[in-house]
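Below: the structure, in structure tokens.
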Amino acid sequence: MEARKVAIVMGSDSDYPVVKAAEETLRSLDIPFFTRVLSAHRTPAAVAELASGARDSGVGVIIAAAGKAAHLAGVIAAHTTLPVIGIPIKSSTLDGLDALLSTVQMPKGIPVATVAIDGAENAALLAAEILSLGDDILTGKLAAKRRQMEANVLEKNRHFKDEKGFSGND
Ligand code: RP5
């Protein structure tokens, strides 16, 4: 069976500077994806069509990014039983708190897994972790990414010690 892909939906093309980090992360893991600009309030019929047909078109996880009164992820989740990950986008007002609360505070029955404000990379990693169930190759790639991250931090720790000596007073 062909690998399941990730559908990324953003409420506006103005969300793309944040959302592209999700694309980069999926690309780095060789996960197939497509990205669409569709709005829950400006194009409600198109959002419903995409979400309700997603499972049959080979999608495994949907990432939905939106700002302000961010109901996109919740509306998508209403039309599918696929896992939906919401990215609250920081906009010019309220620093993204509006989008965070709109995305995370889903009433019971229709879940949305919400990442941090502008947390596009984590949205992609979470999607990858979901898709890695039953996929040993992807599981291995995720484990390698963790090891790389660990090595990077330990390297920074070594530099910090070499260049500055450890901070502290003992
Ligand atoms: C939301 O409103 C979008 O997701 C975007 O974050 C915000 C502003 O959209 P534009 O006015 O830039 O199209 O629907």
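Start at 1 and go down the list; that is how both ligands and their atoms are numbered.
Within ligand 1, counting atoms from 1 as listed, the ones closer than 4.0 Å to a heavy atom of Gly11 are 3 (C), 4 (O). Near Ser14, the atoms of ligand 1 lying under 4.0 angstrom from a non-hydrogen atom of the residue are 9 (O), 10 (P), 12 (O). For ligand 1 and Ala66, the ligand atoms under 4.0 Å from any heavy atom of the residue are 4 (O).
Residue Glu23 qualifies as enclosed at atom CD: its count of foreign heavy atoms under 6.0 Å is above 12.
In summary, Glu129 and Lys141 do not engage in a salt bridge, as defined by a charged side-chain N under 4.0 Å from a carboxylate O.
Taking any N or O of Ser39, backbone or side chain, none lies under 3.5 Å from an N or O belonging to ligand 1. Any N or O atom pair closer than 3.5 Å counts here, and Gly67 shares at least one such pair with ligand 1.
Taking hydrophobic clusters as Ile, Leu, Val, Met, Phe, Trp and Tyr residues chained together by side-chain heavy-atom distances below 4.5 Å, Leu126 shares a cluster with Leu29. In terms of hydrophobic clustering, with Ile, Leu, Val, Met, Phe, Trp and Tyr side chains grouped at heavy-atom distances under 4.5 Å, Val37 and Phe34 are assigned to different clusters. Met10 and Leu72 fall into different hydrophobic clusters, defined by Ile, Leu, Val, Met, Phe, Trp and Tyr side-chain heavy atoms under 4.5 Å apart, directly or through other members.
With hydrogens left out, the protein atom closest to atom 10 (P) of ligand 1 is Ser12 OG, 3.4 Å, a heavy atom. What sits closest to atom 11 (O) of ligand 1 on the protein, heavy atoms only, is Arg42 NH2, 3.5 Å. Closest to atom 14 (O) of ligand 1 among all protein heavy atoms lies His41 CE1, 3.4 Å. From the protein, the heavy atom lying nearest to atom 5 (C) of ligand 1 is Asp15 OD1, 3.3 Å.
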- Run the side-chain contact (heavy atoms from CB on, under 4.5 Å) check on Leu142 and Leu125 step by step: do they pass? CA-CA 8 Å; Leu142 285 166; Leu125 288 171; 4.2 Å; yes
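Of the N and O atoms on the side chains of Arg55 and Thr80, not one donor lies less than 3.5 Å from an acceptor on the other residue.
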